Amino acid sequence: DKGLEKSKENFFGKLSRALVGKTTVDEEVLDELEEILISSDVGVGTTVKIIRRIEERVARDKYATTDELDRILREEVAALLQENKSIDITDSFETEHLPKPYVIMVVGVNGVGKTTTIGKLAHQFQQRGRKVVLGAADTFRAAAVDQLKMWGQRVNVPVIDHGMNTDPSAVAYDALKKGVEIGADVIIIDTAGRLHTKVNLMNELGKIKRVMQKVLPDAPHEVLLVLDGSTGQNAVIQAREFTKATEVTALAITKLDGTAKGGVVVGISDEFQIPVKYIGVGEKMDDLQVFDRMEFVDSLFK
Ligand code: GDP
C-alpha cells in the first residue's frame, strides 16, 4: 500500500532497532516500546494500556521472546481498533436494507481535508453506480462552496449551494429535498468546522440536524468527523471537541500518506470508541480507502 509506506517503515524500523541484541522481553524492551508508541503518536493513555497488557501477558507466560513481541503487539493494537460496522462505499443498498437516501453529515475543522474527502467519497459512490447529492453547507469559509462545486463538476455529482454567508441549515434542507426528489442513494452534507466556541459549534450542528430532520426524520444516518492524521495530538484535541459538540459516528483520517504518525489512528479509535471508516492517502480522487483494521495493523508492523 503506497499510502501507508512511510508509517510502516518508521514503526518497524524503530522496533527492530530497539530489539537488536535482545532475546527476552524485559523492562528495558518495554521502556523502548513505550517510547516508540508515544513517538508514533499513539497517545499516552493508549500506550500505557498497551504496555500494561503486554506486561501482564509476559508475566503470565513467564517468558516471552522478542520474536513473539511483534505478534503480541499486533494483537493488542488490533484489539484496540474499533470494528467498522456502518455502511461504506462498497456496501450494497439493495441487499443491506440501508435507509435511502443515506445522509452523511461531514464535520471537521478547516484544512483537515474535509472537502477533498467529500469529493473522493462522491467519486467512489458514483463509480459504484450510486446516485449522489452534495450539500455545500460550509458557507463561512471563502473558498469552501466553490471548492465543493469544483469537486461536484469533476466527479459529475450535483451540488446544492446558496453561496457564501448563507444559512447552512437551509442548504442542508434543500440538499435533502433534492436528494429525495431525484431518488438519491447518498447525500453528503459539508459543514463549517468553526471551533471558536464549543457552544457555537454545538448550536450550529444541532440546527443543521434539526432542519434536516424536517425532511428525513432519521437523518443524518452518519456523522463523519474528518481529522488530519499528520497533526498528531491536534487531531486528538479536535476529536475531543467534536465528540462533545455532536454525536460522531465514524472517523475519516486523512494525510496518512505523508506521515510517520499513523499511530494516532490507534489512539483516537481507542480513546473515543468510534470506528475509523476511511483513511486518506493522497490528494487524488482514488486516494481514499475503506479502513481495514488488520490491513492497517499489518502496515504498521510488517
Ligand atoms: P478542508 O478545509 O478541510 O475542506 O480541506 P481541503 O479538502 O481543502 O484539504 C486541504 C489540503 O489537504 C488540500 O491541499 C488537499 O489536497 C490536501 N489533502 C486532503 N486529503 C489529503 C490526503 O489524504 N493526503 C494528502 N497528502 N493531502 C490531502
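Computed over heavy atoms, backbone and side chain alike; hydrogens, waters and symmetry mates excluded. Counting starts at 1 for both ligands and their atoms, in listed order. It should be emphasised that the depicted structure is a prediction, and the values quoted were computed from it without experimental measurement.
- The heavy atom nearest to atom 5 (O) of ligand 1, out of those in G113, G229, G280, is found in G113.
- Distances below 4.0 Å separate heavy atoms of G111 from the following atoms of ligand 1: 1 (P), 2 (O), 3 (O), 5 (O), 10 (C).
- No donor-acceptor pair closer than 3.5 Å links the side chain of T115 to the backbone N or O of L148.
- Between E76 and the choices K49, R53, R52, the salt bridge (Lys or Arg N to Asp or Glu O under 4.0 Å) rule is met once, by R53.
- For ligand 1, the polar-atom distance check finds no N/O of N110 at less than 3.5 Å from any of the ligand's N/O atoms.
- In terms of modelled atom types and a separation under 3.5 Å, the side chain of K114 and the main chain of T191 share a donor-acceptor contact.
- On a distance-only criterion, T117 and ligand 1 share no N/O pair closer than 3.5 Å.
- No donor-acceptor distance shorter than 3.5 angstrom exists from the side chain of D185 to the backbone of P101, with no hydrogens or angles considered.
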Problem - I160/V133 under side chain to side chain contact (heavy atoms under 4.5 Å, CB included): CA gap, chis, key distance, verdict - result: CA-CA 8 Å; I160 306 305; V133 170; 4.0 Å; yes
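- Note: no N/O pair closer than 3.5 Å links T254 and ligand 1 by distance alone.
- The shortest N or O to N or O distance between E283 and ligand 1 is below 3.5 Å.
- F125 and V180 fall within the same hydrophobic cluster, where Ile, Leu, Val, Met, Phe, Trp and Tyr residues are linked whenever their side-chain heavy atoms come under 4.5 Å apart, directly or through other members.
- Listed for the T246 side chain is no donor-acceptor partner under 3.5 Å among the backbone atoms of L205.
- Interface atoms of ligand 1 facing V281, defined by a heavy-atom separation under 4.0 Å, are 23 (O).
- Close contacts of ligand 1 with V109, meaning ligand atoms under 4.0 Å from a residue heavy atom, involve 3 (O).
- The shortest N/O to N/O separation between L256 and ligand 1 does not fall below 3.5 Å.
- Within the set K255, K284, Q147, the minimum heavy-atom distance to atom 28 (C) of ligand 1 is found for K255.
- Atoms of ligand 1 found under 4.0 Å from any heavy atom of T116 (numbered from 1 in listed order, with element): 6 (P), 7 (O), 9 (O), 15 (C), 19 (C).
- V107 and V171 are assigned to two separate hydrophobic clusters, defined by single-linkage of ILVMFWY side chains at heavy-atom distances under 4.5 Å.
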